[in-house]
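Please read through the structure below; I'll follow up with questions.
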Amino acid sequence: ETSISRYNAEFVELDLLGTGSFGSVYKCLNRLDGCFYALKRSTKPIAGSLDEKMALREVWAHAVLGHHQHVVQYYSAWAEDHHMLIQNEFCNGGNLNEKIMQNRLEKVLMEIVDLKQLILQLCKGLKYIHSLKLAHMDIKPGNVFICHVQRKTIDESNSDDGYYGDHTELKKSPYDTVYKIGDLGHVVSLNKNQKIEEGDCRFLPIEVLQEDYSNLTKADIFALGLTIFLAAGGDDLPKNGPKWQVIRNIGLPNLENRPKELNSLLQQMVSCNASERPSAIEILQSSFLGCLTKD
Ligand SMILES: Cn1cc(CCO)c2c3c(c(-c4ccccc4Cl)cc21)C(=O)NC3=O
């Protein structure tokens, strides 16, 4: 019998955004509020299975993380006809991996001012997650979602708005770019020593591979360093083998035509010794972002 599906009752399914081992993600329109949402629909995991633990961790993490500008917003989750659904904020700009691929195709490099924004915003998101005693454990370009939001333009028409500026500061783009950390499927709590589900091995620091979970926030910093490296124009990362070992033991190759401050920040973020990696808070305070954080 056709059981009443909340999914069909409350949403209009518009596009398939992606599929994977996790299930399928659709862009949906909520019939009531007229907003778009990203809905992940996956087969309901077997009770007591590892998949169920991970699925519950994802929902618990979203519930604990509440609202933050640089974490993808969670709205609801429910189960129906052998499926589990999670309703998240829809980010209309794709993900950072698609942007990196696009830049390579067009042979363009992210400008340093945009890289600084990327680092600033992701560090604010990580600072928030870490402040709640959680670690993301799967930071990578594919899990950084992009929102293009309408720029707050000063309305030129009513010149008596008390704004006597010259209005020439209009930026080239009609929108601001907001980066958000998403996919909380690997989130772990810092204190509880639980078996972690490793994230993408290209972004995994060696100590986590060796099951040293004493510094999980610094595992996120390591993965963030590699994520920024790729966004700044670095070559693809190895999944294993000697090149994988070199990054863990020696560090990253220098990015030419990038400021030495950026290269040294990246080197620190991927330090072999987790305690030498700067925390999200330290990066926000670092001189590299200095001129930026005073906005
Ligand atoms: C494949 N895919 C494409 C998109 C659109 C990006 O412009 C997307 C989103 C999400 C997710 C997602 C990831 C992990 C868990 C749950 C969701 Cl809804 C997946 C997404 C999500 O949470 N929000 C999204 O926009």
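Counting convention: from 1, in listed order, for ligands and their atoms alike. When a residue number appears, it is its place in the shown sequence, counting from 1.
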> Which residue holds the protein heavy atom closest to atom 16 (C) of ligand 1, what is that atom called, and what is the gap in Å?
Replying inline: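 Minimum-distance protein heavy atom for atom 16 (C) of ligand 1 reads Asn88 ND2, 3.5 Å.
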> In Å, rounded to the nearest 0.5 Å, how long is the span from CD1 of Ile146 to NZ of Lys180?
Replying inline: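 Spacing of CD1 (Ile146) from NZ (Lys180) equals 12.0 Å.
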>> Looking only at protein heavy atoms, which one is nearest to atom 3 (C) of ligand 1, and what is the separation?
In response: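 For atom 3 (C) of ligand 1, the nearest protein heavy atom comes out as Leu17 CB, 3.6 Å.
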>> Parallel, tilted or perpendicular, judged at 30° and 60°: which one describes the rings of Phe90 and Phe36?
In response: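 Correct class here is perpendicular.
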>> Before you tell me yes or no, could you show the steps for Glu58 and Tyr74 under side chain to side chain contact (heavy atoms under 4.5 Å, CB included), namely the whole-Å CA-CA distance, both residues' side-chain angles and the distance that decides it to 0.1 Å?
In response: CA-CA 10 Å; Glu58 177 176 6; Tyr74 160 81; over 6 Å; no
> With a cut-off of 6.0 Å (strictly less than), are more than 12 heavy atoms of other residues, nucleotides or ligands near CD of Glu256?
Replying inline: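 Result for CD/Glu256: open.
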>> Counting only heavy atoms from other residues, nucleotides and ligands, does the tally under 6.0 Å from NZ of Lys27 exceed 12?
In response: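 Counting other residues, nucleotides and ligands, NZ of Lys27 exceeds 12 neighbours.
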> Does the N or O separation between Cys91 and ligand 1 drop below 3.5 Å for any pair?
Replying inline: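 In this structure, Cys91 places an N or O atom under 3.5 Å from an N or O of ligand 1.
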>> Among all protein heavy atoms in this structure, tell me which lies nearest to atom 23 (N) of ligand 1, with the distance rounded to 0.1 Å.
In response: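 Result: Glu89 O, 2.8 Å.
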> Measuring from the heavy atoms of Gly94, does anything fall under 4.0 Å of ligand 1?
Replying inline: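 A heavy atom of Gly94 does come that close to ligand 1.
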>> How far is atom 8 (C) of ligand 1 from the closest protein heavy atom, and which atom is that?
In response: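 The closest one turns out to be Phe145 CE2, 3.7 Å.
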>> Suppose I only count heavy atoms of Glu58 and a 4.0 Å limit; which atoms of ligand 1 are within that range?
In response: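 Taking each heavy atom of Glu58 in turn, ligand 1 has 15 (C), 16 (C) under 4.0 Å.
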> Considering only heavy atoms of Val25, which atoms of ligand 1 have at least one such atom less than 4.0 Å away?
Replying inline: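 Listed by number with element: 18 (Cl), 19 (C), 20 (C).
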> So is Lys180 in contact with ligand 1, going by heavy-atom distances below 4.0 Å?
Replying inline: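 No, Lys180 has no heavy atoms under 4.0 Å from ligand 1.
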>> Counting neighbours of CG on Leu16 that are heavy atoms of other residues, nucleotides or ligands and sit closer than 6.0 Å, is the number greater than 12?
In response: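 Enclosed: over 12 neighbouring heavy atoms sit under 6.0 Å from CG of Leu16.
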> Stepwise, does the side chain to side chain contact (heavy atoms under 4.5 Å, CB included) test hold for Ile139 with Leu122?
Replying inline: CA-CA 10 Å; Ile139 294 291; Leu122 293 186; 5.9 Å; no
